[in-house]
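First listed ligand is number 1; within each ligand, the first listed atom is number 1.
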Amino acid sequence: MVCRICGDTVDPVLDLGAMPPANILKTSRDERERCFPLVLEKCRGCFNLQLRDCLDEADLYRHYLYLTPNSPSLRSHYARLADHMFGEGYAHEGSFVLEFGSNVGLFLRHLEPRVGRVLGVDPAQNVCAIARERGIETECAFFNRQTAQDLAARHGRPGVVIARHCCAHNKDPHGIIAGVADILPDDGIFIMENAYVLKTLLSNQFDQIYHEHMFYYSIRSVETLFAMHGLRLVDILMAPIHGGSVVFFARRADAKASALRPRNRVQRYRGEEAQALNDALVSVFVENTHKIKADLKALIADLVGRDNQIWAYGATAKGSTLLNFVGITDRQVPFCVDSTPLKQGRYIPMANIEICAEDEAWRGGPDYFLLTAWNYKDEIMEKVRSKGNTRSRFIVPIPAVDIV
Ligand code: DWN
């Protein structure tokens, strides 16, 4: 295999075994799930981390069960990102904003009152229907070079193109970025947000590895990708959501000089990454992955062995990797609560854990919740307590196994 960004040689760094696609939740316990290799590999050239085996996007996203949760931490991130966009002059009241991978349009709905026009693009027909019901104009398509030109021909060229947590989800990032470069006007801005690989590695977030996440981006790998399509990084925003995310702001390399002058923080973040992102960090990440597996397996066995009830909290894609890599099933964890009606009544693949509504967590609830949605720890714990459950404790698996 070679790096899908720069073409250089890649080396395997972590094999999580044969795993089911995380968000393909089963409709019954007996339904047989298909499993595929989940192997992370690293590029010698641009330090891109990628999956060795990429599944077909249509299988993953045509009917998608992940709907962006309407969470307080996401809402505050939307406000901070929007303020940054307007504060730095990347967007204004007349802007035409196109977001691909827009899901149900929560961020676009936040932007809509402050810009000229918003348009969502998402490949999941069921998700597009929900976005349209909520009043967000949404085209159902995978964003690539062809569809980008078609969208621009029918809607005009958007001055702001946004891609949040979706550019890692496609085995051909060149097709996506080429599409952006084709339609972005000279004074346009491209805003790409992803989980930040440095945070993923530093916080032992091995559960962020699942088939949807085909790339784990760094500043270095993103700049390599952008340069191949005439895009130049001009700004970076770091954000705490999803375990630590990075927002890249890029313009066409032929934009006017004043627009291309990078913010000082770009050099600062680039330098911090150059110091920290190396093979030694990857080795420690791999060691800690196996340590978390051993520690969590032992803790769950001990608690269940002493007749404690344990449920998972959050039918997350991360949770599917965590549970299945550690080997936790419905025998130890019979239920997983989740706020997404689409997911309730289904089963986490391979772990065979039934997903039920959140209010089961509030009526009595178990002795422990295994926080498979650990990235929302504070708001979930606050919600459970405020709903009257002062009894259940929480097992937090990342960055290390802990009980709170
Ligand atoms: O990259 C991706 C990230 C951004 O979102 C996608 N490939 C898929 C998805 O990954 P995830 O499922 O690990 O993401 P979340 O946002 O951590 O999933 C949260 C899950 O937890 C949802 O199913 C909703 C649920 N939840 C809940 O039950 N109660 C969430 C909150 C905040 C809550 O209070």
Against ligand 1, does [X] come closer than 4.0 Å with any heavy atom?
X	result
Arg164	no
Trp374	no
Gln208	no

Taking the six-membered ring of [Y], is NZ or CZ of [X] closer than 6.0 Å to its centre and within 45° of its axis?
X	Y	value
Lys42	Phe47	yes
Arg164	Phe107	yes
Lys318	Tyr210	no

Relative to the heavy atoms of [X], which atoms of ligand 1 are at a distance of less than 4.0 Å?
X	answer
Ser339	24 (C), 25 (C), 26 (N), 27 (C), 28 (O), 29 (N)
Asn375	17 (O)
His242	4 (C), 16 (O)
Gly314	21 (O)
Ser71	32 (C)
Glu379	32 (C)
His213	1 (O), 2 (C), 7 (N)
Lys383	29 (N), 33 (C), 34 (O)

Are [X] and [Y] within salt-bridge range, i.e. N to O under 4.0 Å?
X	Y	result
Asp11	Arg52	no
Arg117	Glu112	no
Asp359	Lys387	no
Arg346	Glu354	no
Arg29	Asp330	yes

Ligand 1 N/O within reach of [X] N/O, cut-off under 3.5 Å:
X	value
Asp338	yes
Thr316	no
His169	yes
His165	no
Tyr313	no

Using a 4.0 Å heavy-atom cut-off, which part of [X] comes near ligand 1: side chain, backbone, both, or neither?
X	result
Glu212	side chain
Tyr64	side chain
Ile380	side chain

Within a radius of less than 6.0 Å around CZ of Arg331, do more than 12 heavy atoms belonging to other residues, nucleotides or ligands occur?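 Counting other residues, nucleotides and ligands, CZ of Arg331 stays at 12 neighbours or fewer.
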
Determine whether more than 12 heavy atoms belonging to other residues, nucleotides or ligands lie under 6.0 Å from atom CZ of Arg306.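 Correct, the count exceeds 12.
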
For [atom], grab the closest protein heavy atom and report residue, atom and distance to one decimal in Å.
atom	value
atom 31 (C) of ligand 1	Tyr376 CD1, 4.2 Å
atom 11 (P) of ligand 1	Ala317 N, 3.6 Å
atom 10 (O) of ligand 1	Tyr210 OH, 3.2 Å

Which distance, rounded to the nearest 0.5 Å, do you find between the CZ of Arg391 and the OH of Tyr368?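 One finds 10.0 Å between CZ of Arg391 and OH of Tyr368.
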
For the pair Asn194 (side chain) and Val247 (backbone), establish whether a donor and an acceptor sit closer than 3.5 Å, ignoring hydrogens and angles.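 Pair absent, no side-chain N/O of Asn194 close to backbone of Val247.
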
Taking atom types as modelled, find out whether Gln208 and Gln205 have a side-chain donor-acceptor pair closer than 3.5 angstrom.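 Yes, Gln205 and Gln208 have a side-chain donor paired with an acceptor closer than 3.5 Å.
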
